[in-house]
Engineer: 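Structure incoming, see below.
Small disclaimer: the values here were computed from a predicted structure and weren't measured. Just follow the structure's listing: the first ligand is 1, and inside any ligand the first atom is 1.
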Amino acid sequence: MMGSRLVLLIAVLVLLSIDYSFAQSAEIARTPPMGWNSWNLFACKVSDAVVRAQADAMASNGMKDAGYAYINVDDCWQGTRDAQGNIRGNEKFPDMKALVDYIHSKGLKAGIYSSPGPKTCAGYEGSYQHEGQDAQQYAKWGFDYLKYDWCSAETVYKNSDMPAVYKKMSDALRATGRSIVFSLCQYGLTSVWTWGAQAGGNLWRTSDDIQPNYNSILALGFGQNAGLERFAGPGHWNDPDMLEVGNGKLTADENKLHMSLWAMLAAPLLAGNDLAHMNPEVLSVLTNREVLAIDQDPLGEQGHRVWQDGPIDVWVKPLGDGSKAVGIFNKGGPQDPVTVQFRTLAVGKFAEVRDLWTGKDLGRLENSITTEVPAHGVTLLRMR
Ligand code: GLA
């Protein structure tokens, strides 16, 4: 009797000592995180008031209902540390706790930003040698998301230290007892997709910063992210960077192409425009439910390219209900109608086809689909 109790006790102790960090980090971000981040448009002009205005907009303009949840402050919020070394907001962020409470009061979640180096990319205070203390502070304020940006860490670490450096913060976040999405930002160095999940990352940037122009979107979406699909899945995502929808001089078709490509890539969807001042066309691109459903599909498979011919790129993303999302992209100027054979898409001889941007059922098609794809545009389909 004593013996079996001892065995039971030892078994319990062994179970308690196993490192469940990977399993735990996979509990959150089961689908790619959706929200807003301050950097793409506001950069260092971000402030408490700007952030509150974004939360107000997201909560009331349909974005929250469509699944957007995070309001994320990027770089430039940090002030100095107090005598105990606790990080504080700067004059534009006088009360971080109040800001987070405000975001939470809107039914949204809050995100923050730091660097494992002594300084952030914009030269503000980083978390170097304050990792545990900062994680505790973020949790105390109530944050739900941390973007951790390599920046000046290159002055104190080697690239080969990255997995351990990121794991250190992931462990510190977990030790707070709060569920905090962990976003790795080191621009895809050292093939982060091969170790990002083990280091506790829920998402990792695969490339340099996105810019609000069409060529940047093409380079990041079709370039660096292509072929990384086997590294993505529930809880851990490739991140081709935040959205530029509504920024720069992107046309309506370019915005749709950008959104469609990110959805096909199962990419995190962090809007980067001014949610408080956007036109209805931009809002409709950000909130098309059927397009968002492709990104947020529970299977969590990242799409892949199946065909390419000149400016035409065809991508397929398998979905949880057995249907497939198909993106027919035209990266170039005006083209003749494009015909795509079903065998290229590995769908059967017949398929029920729905166009997700026009919201029209195209009926039961046989063998192929022919579509006109606008210049710098996309035809995004769901096929069953
Ligand atoms: C880097 C990141 C950007 C942004 C800035 C802030 O460039 O890649 O996404 O966070 O730093 O300084």
Engineer: Is there a side-chain contact between Y113 and V46 in this structure, where contact means two heavy atoms from C-beta onward sitting under 4.5 Å apart?
Structural biologist: no
Engineer: Considering heavy atoms of the protein only, find what lies nearest to atom 8 (O) of ligand 1 and give residue, atom and distance to 0.1 Å.
Structural biologist: D209 OD1, 2.6 Å
Engineer: How far is atom 12 (O) of ligand 1 from the closest protein heavy atom, and which atom is that?
Structural biologist: D75 OD2, 2.8 Å
Engineer: Can you see whether F350 has R364 sitting over its ring - NZ or CZ less than 6.0 Å from the centre and within 45° of the normal?
Structural biologist: yes
Engineer: Run the salt-bridge test on D171 and K168 with the 4.0 Å N-O cut-off and return the result as yes or no.
Structural biologist: no
Engineer: Counting only heavy atoms, tell me which of N40, L270, N72, D149 gets closest to atom 1 (C) of ligand 1.
Structural biologist: D149
Engineer: Closest non-hydrogen protein atom to atom 10 (O) of ligand 1, residue and atom name please, with distance?
Structural biologist: D74 OD1, 2.6 Å
Engineer: Counting neighbours of NZ on K331 that are heavy atoms of other residues, nucleotides or ligands and sit closer than 6.0 Å, is the number greater than 12?
Structural biologist: yes
Engineer: Classify the angle between the aromatic ring planes of F329 and W315 as parallel (below 30°), tilted (30 to 60°) or perpendicular (above 60°).
Structural biologist: perpendicular
Engineer: Using the ring-ring contact (aromatic ring centres under 6.0 Å, His included) rule, pick out the option among Y157, Y148, W204 that qualifies with Y166.
Structural biologist: Y148
Engineer: Output the list of atoms in ligand 1 that are nearer than 4.0 Å to some heavy atom of C185, sorted by atom number.
Structural biologist: 2 (C), 8 (O)
Engineer: Hey, is NZ on K106 packed in by over 12 heavy atoms from elsewhere, all under 6.0 Å?
Structural biologist: yes
Engineer: Which ligand 1 atoms does R205 reach within 4.0 Å, using its non-hydrogen atoms?
Structural biologist: 2 (C), 8 (O), 9 (O)
Engineer: Short list, please: which atoms of ligand 1 are under 4.0 Å from a heavy atom of C121?
Structural biologist: 1 (C), 11 (O), 12 (O)
Engineer: Specify the protein heavy atom at minimum distance from atom 5 (C) of ligand 1: its residue, its atom name, and the distance to 0.1 Å.
Structural biologist: W39 CE2, 3.5 Å
Engineer: When clusters are formed by joining ILVMFWY residues with side-chain heavy atoms under 4.5 Å apart, either directly or through shared neighbours, do V340 and L356 land in the same one?
Structural biologist: no
Engineer: State whether the shortest distance between N or O atoms of D241 and N or O atoms of ligand 1 falls below 3.5 angstrom.
Structural biologist: no
Engineer: Show me which atoms of ligand 1 lie under 4.0 Å from any heavy atom of A122.
Structural biologist: 12 (O)
Engineer: Closest non-hydrogen protein atom to atom 9 (O) of ligand 1, residue and atom name please, with distance?
Structural biologist: K147 NZ, 2.8 Å
